[in-house]
Amino acid sequence: QVHLRESGGGSVQSGGSLTLSCADPKYTGLRPYCMAWFRQAPGKEREGVAATCTNGRMTYGDSVKGRFTISQDNANNTLYLQMSGLEPEDTAMYYCAASRGSSVWYNTLRPAEYNYWGQGTQVTVSS
C-alpha cells in the first residue's frame, strides 16, 4: 500500500514562493511509473499541475509552466513542487498522487490515471 502525505502548504502573498513535499516514508514497494501534483479549488475540477515519470518525462499544466518545478528525491521517496510567482488563481488544495497504471504514460496529468492519493495541503495566495 502507498500512503502519501503532503506538507508545505500555507498562506503567501501574490508573487511569493512555496515548496510542497510529498512522502511515504514506509513504502518499500515498486517505484511508481509516474508521480504528480494536482490541485482543486472550490467549485472547480481537479487540475493536473505537474508530473514526473520514470522515463524522464516531466509535464506541466499550461497555467504553471515557467513558475512551478517538480522534482523527486528517489533515495528518500519524496516528491517536491517548487512554486514561485504565486498568484491568487493558484489558491487550491494541492494533492500528490502516484500511478503504476499502464496508460499513465499517455495521460500524465489526468487524475483518473492515478490510484494513490494524499490527503492534500492547502495553498492560499492573497493579492
Side-chain angles (χ1 to χ4, degrees):
Q1 282 291 330
V2 179
H3 299 284
L4 302 172
R5 181 174 297 177
E6 303 93 339
S7 61
S11 297
V12 296
Q13 291 190 328
S14 181
S17 300
L18 281 174
T19 296
L20 306 182
S21 300
C22 171
D24 182 1
K26 297 182 180 180
Y27 184 67
T28 57
L30 295 174
R31 185 180 172 190
Y33 293 153
C34 295
M35 294 197 70
W37 289 97
F38 293 85
R39 67 185 182 186
Q40 189 166 19
K44 294 188 177 182
E45 292 186 354
R46 191 163 294 191
E47 173 191 15
V49 175
T52 181
C53 299
T54 54
N55 62 359
R57 181 185 179 193
M58 292 183 180
T59 314
Y60 292 92
D62 289 341
S63 62
V64 305
K65 285 180 181 177
R67 299 189 298 125
F68 291 11
T69 302
I70 190 170
S71 62
Q72 195 168 13
D73 180 348
N74 294 322
N76 295 306
N77 292 329
T78 304
L79 182 72
Y80 299 98
L81 183 68
Q82 295 174 279
M83 306 184 293
S84 62
L86 285 163
E87 304 166 351
E89 293 72 23
D90 296 315
T91 295
M93 185 71 79
Y94 283 70
Y95 300 89
C96 72
S99 174
R100 286 188 55 81
S102 59
S103 60
V104 68
W105 309 103
Y106 312 103
N107 298 286
T108 57
L109 293 181
R110 183 171 177 236
E113 298 293 341
Y114 292 80
N115 45 356
Y116 299 105
W117 293 84
Q119 295 298 309
T121 185
Q122 178 67 37
V123 172
T124 302
V125 185
S126 58
S127 58

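Since the model is a prediction, treat every value here as computed from it, not as a measurement.
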Main-chain N/O of Thr78 paired with Asp73 side-chain donor or acceptor, under 3.5 Å: no

Rounded distance [0.5 Å steps], CZ in Arg5 versus OG in Ser21: 13.0 Å

Distance in Å, Ser7 OG paired with Leu20 CG, rounded so as to fall on 0.5 Å steps: 8.0 Å

Indicate the atoms forming the closest heavy-atom contact of Gly118 with Tyr95, along with that distance. O-CD2, 3.6 Å

Are side-chain heavy atoms of Cys22 and Trp37 found at a separation under 4.5 Å? yes

Are any side-chain N or O atoms of Glu6 and backbone N or O atoms of Gly120, one a donor and one an acceptor, separated by less than 3.5 Å? yes

With a 4.5 Å heavy-atom cut-off, do Met83 and Tyr94 have their side chains touching? yes

Please determine whether side chain to side chain contact (heavy atoms under 4.5 Å, CB included) holds for the pair Leu18 and Val123, giving the CA-CA distance in whole Å, both sets of side-chain angles, and the decisive distance to 0.1 Å. CA-CA 9 Å; Leu18 281 174; Val123 172; 3.9 Å; yes

For Ser63, is there any backbone N or O sitting under 3.5 Å from a side-chain donor or acceptor partner on Arg67? yes

I need the Leu81 CG to Tyr60 OH distance, nearest 0.5 Å. 8.0 Å

The residue among Asn77, Asn74, Thr54 that forms side chain to side chain donor-acceptor pair (under 3.5 Å) with Arg31 is Asn74

Report yes if some heavy atom in the side chain of Arg39 is under 4.5 Å from a heavy atom in the side chain of Val64; otherwise report no. yes

Quick check: closest heavy atoms across Ala98 and Leu4, and the distance to 0.1 Å? N-CD1, 3.9 Å

Of all the heavy-atom pairs spanning Ser126 and Pro88, show the shortest one and how long it is. C-CG, 4.4 Å

Using 30° and 60° as the class boundaries, would you call the ring planes of Trp117 and Phe38 parallel, tilted or perpendicular? tilted

Quick one: which of Asn55, Thr59, Thr108 gives a side-chain contact (heavy atoms from CB on, under 4.5 Å) with Cys34? Thr108

List the atom of Pro111, the atom of Arg46, and the distance in Å for their closest heavy-atom pair. CG-O, 4.0 Å

When you measure from the side chain of Ser99 to the backbone of Glu113, do you find a donor-acceptor pair of N or O atoms at a distance under 3.5 Å? yes

The reported gap from OH in Tyr114 to CE in Met35 (rounded to nearest 0.5 angstrom) is 9.0 Å

Which heavy atom of Gln40 sits nearest a heavy atom of Lys44, and at what distance? NE2-O, 3.1 Å

Quick one: OH on Tyr80 to OG1 on Thr19, what's the gap to the nearest 0.5 Å? 9.5 Å

Tyr106-Tyr33 co-clustered via ILVMFWY side chain contacts under 4.5 Å: yes

Contact summary for Thr52 and Leu79, nearest pair of heavy atoms: CG2-CD1, 3.8 Å

Take atom CD in Gln119; do more than 12 heavy atoms of anything else shown fall under 6.0 Å from it? no

Transitive ILVMFWY side-chain link Val12 to Val49, under 4.5 Å: yes

Is there a donor in the side chain of Gln122 and an acceptor in the side chain of Ser11, or the other way round, less than 3.5 Å apart? no

Compute whether any side-chain donor of one residue and acceptor of the other, for Gln82 and Ser17, lie under 3.5 angstrom apart. no

Is a side-chain N or O of Asp90 found less than 3.5 angstrom from the main chain of Glu87, in a donor-acceptor match? yes

